[in-house]
Amino acid sequence: AMHARGISERDAWTAVVESGDATSTFALARVDSAEPVEVANAARAATPFLPASTFEPVHALVALDAGAIDTMDTVIPWDGVTRDVEAWNQDQTLRAAVRDSVVWVFQMLAPMIGADAMGAGVTRAGYGNETIGGDISSFWLDGELRTSAIDQLEFFEQLALGTLPFDREQQAQVQASLPRLDGPDSRITYKTGAATSAGEDRVAWLAGIVDTPEGQWVVAYNSGFVADGDTFRAPTAQERLDVVVDLLVVAEVISESPTS
């Protein structure tokens, strides 16, 4: 398991991670290897935070497993509520919901799955602290579920290998539904999330899988909120992706920055 592989702190990466005014961490590990996990800011890499929308791949697997929804392409009718994100204001599928972080779909599915099946699924997956306390329709956004950057590596490694205790084909479908960035000889498949209502624990995530000719890696990055005038905001998904790409180049996992 990821925690047993040991940690190698890479001081040279810290400057890249801390380029803004927020505290952040970056963790990187080769898939299916015994090599140590390489990190910037080791203490934060082991610190548990709310996963927010980075939980959605697990949520999707549990929903399929529990029979709350039949397939990744089953139509989920729009509930007619207009929300801030344009892509959310239409009929959805689980595939689209994972891709676009359509929060209302997961908030609708969670009570259909039920606390018992959800709790059992999260425990089976070995996800984070395996605790779904709080509101069943928002425990991953503002409840008791927590995961660290190291935990995220563990999950995405198993998703990459298809070794989670869920249907292998469904694991492949969930992975294929994630956003991705293609480079000349690499692909970053990733999920973002931001816990915006968590007070001091507000956090912005990017975690996923990196495919290269030399093999597969898993990566996890999280950041506190950054100052924006008199207020604070989550670093945008693009800002998080830019930092992760820069660090993958510095780490010599990819040779040049892919373009979105």
Side-chain angles (χ1 to χ4, degrees), residues 17-18 20-27 39-41 43-63 83-85 87-88 97-111 113 115 118-119 121-122 125-156 159 174 178-179 190-208 218-228 231-244:
V17 166
E18 300 293 2
D21 47 2
T23 304
S24 49
T25 188
F26 174 80
V39 303
N41 197 344
R44 188 177 172 98
T47 302
F49 294 96
L50 280 157
S53 285
T54 61
F55 177 66
E56 290 171 0
V58 190
H59 201 146
L61 289 168
V62 175
R83 296 176 175 87
D84 290 345
V85 183
W88 295 6
V98 170
R99 180 190 68 218
D100 296 328
S101 288
V102 186
V103 174
W104 69 261
V105 167
F106 295 99
Q107 295 195 293
M108 181 197 76
L109 283 171
I113 295 165
M118 181 67 84
V122 167
Y127 189 82
N129 65 353
E130 301 178 20
T131 302
I132 66 159
D135 187 331
I136 185 63
S137 63
S138 64
F139 64 86
W140 64 99
L141 301 169
D142 58 17
E144 295 175 15
L145 185 63
R146 294 288 185 278
T147 188
S148 69
I150 306 294
D151 292 333
Q152 294 270 24
L153 298 184
E154 178 83 45
F155 172 75
F156 279 100
L159 186 64
V174 167
L178 295 170
Y190 65 93
K191 192 81 187 88
T192 56
T196 55
S197 58
E200 292 299 302
D201 290 330
R202 294 179 304 191
V203 65
W205 282 103
L206 188 147
V218 281
V219 63
Y221 169 80
N222 75 48
S223 170
F225 278 32
V226 295
D228 185 10
T231 181
F232 286 85
R233 65 169 178 84
T236 65
Q238 187 62 52
E239 287 169 339
R240 285 170 253 165
L241 193 55
D242 289 344
V243 173
V244 167

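Hydrogens, waters and symmetry mates play no part in the numbers below; they use all other heavy atoms, side chains included.
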Got a list of side-chain donor-acceptor pairs under 3.5 Å for residues 97-107, not counting sequence neighbours?
{"residue": "Ser101", "atom": "OG", "partner": "Lys191", "partner atom": "NZ", "Å": "2.5"}
{"residue": "Trp104", "atom": "NE1", "partner": "Trp88", "partner atom": "O", "Å": "3.0"}
{"residue": "Gln107", "atom": "NE2", "partner": "Ser137", "partner atom": "O", "Å": "2.9"}

_My understanding is that only residues two or more places apart in sequence, or in another chain, count here; which of them pass salt bridge (charged side-chain N to carboxylate O under 4.0 Å, His left out) with Glu239?_
Arg233
Measure across [X] and [Y] and return the closest heavy-atom pair with its distance rounded to 0.1 Å.
X	Y	value
Trp140	Ala110	CZ3-CB, 4.1 Å
Leu145	Val122	CD1-CG1, 4.2 Å
Ala194	Arg240	CB-NH2, 4.4 Å
Glu56	Ser53	OE2-OG, 2.8 Å
Thr147	Pro51	CG2-CB, 3.7 Å
Arg146	Pro48	CB-CB, 3.6 Å

*Does a donor on one side chain sit under 3.5 Å from an acceptor on the other, for Ser148 and Asp151?*
yes
*Go through Val39 and Ile150 one step at a time and tell me if the side-chain contact (heavy atoms from CB on, under 4.5 Å) criterion holds.*
CA-CA 9 Å; Val39 303; Ile150 306 294; 4.1 Å; yes
Once you round to the nearest 0.5 Å, how far does [atom1] of [X] lie from [atom2] of [Y]?
X	Y	atom1	atom2	result
Phe55	Phe139	CZ	CZ	4.0 Å
Phe49	Thr25	CZ	OG1	8.5 Å
Ser197	Leu50	OG	CG	7.5 Å
His59	Thr54	NE2	OG1	13.0 Å

*Given side chains that start at C-beta, do those of Tyr221 and Gln152 come closer than 4.5 Å, heavy atoms only?*
no
*Identified side chain to side chain contact (heavy atoms under 4.5 Å, CB included) counterpart of Pro235 within the set Thr192, Leu241, Leu206, Val226*: Val226
_side chain to side chain contact (heavy atoms under 4.5 Å, CB included) partner of Phe225, the single match among Thr23, Thr196, Val203_ = Thr196
*Show the numbers, then the answer: is there a side-chain contact (heavy atoms from CB on, under 4.5 Å) between Leu178 and Leu159?*
CA-CA 12 Å; Leu178 295 170; Leu159 186 64; 4.3 Å; yes
*Where do Phe26 and Val243 land on the side-chain contact (heavy atoms from CB on, under 4.5 Å) test, with the steps shown first?*
CA-CA 9 Å; Phe26 174 80; Val243 173; 5.9 Å; no
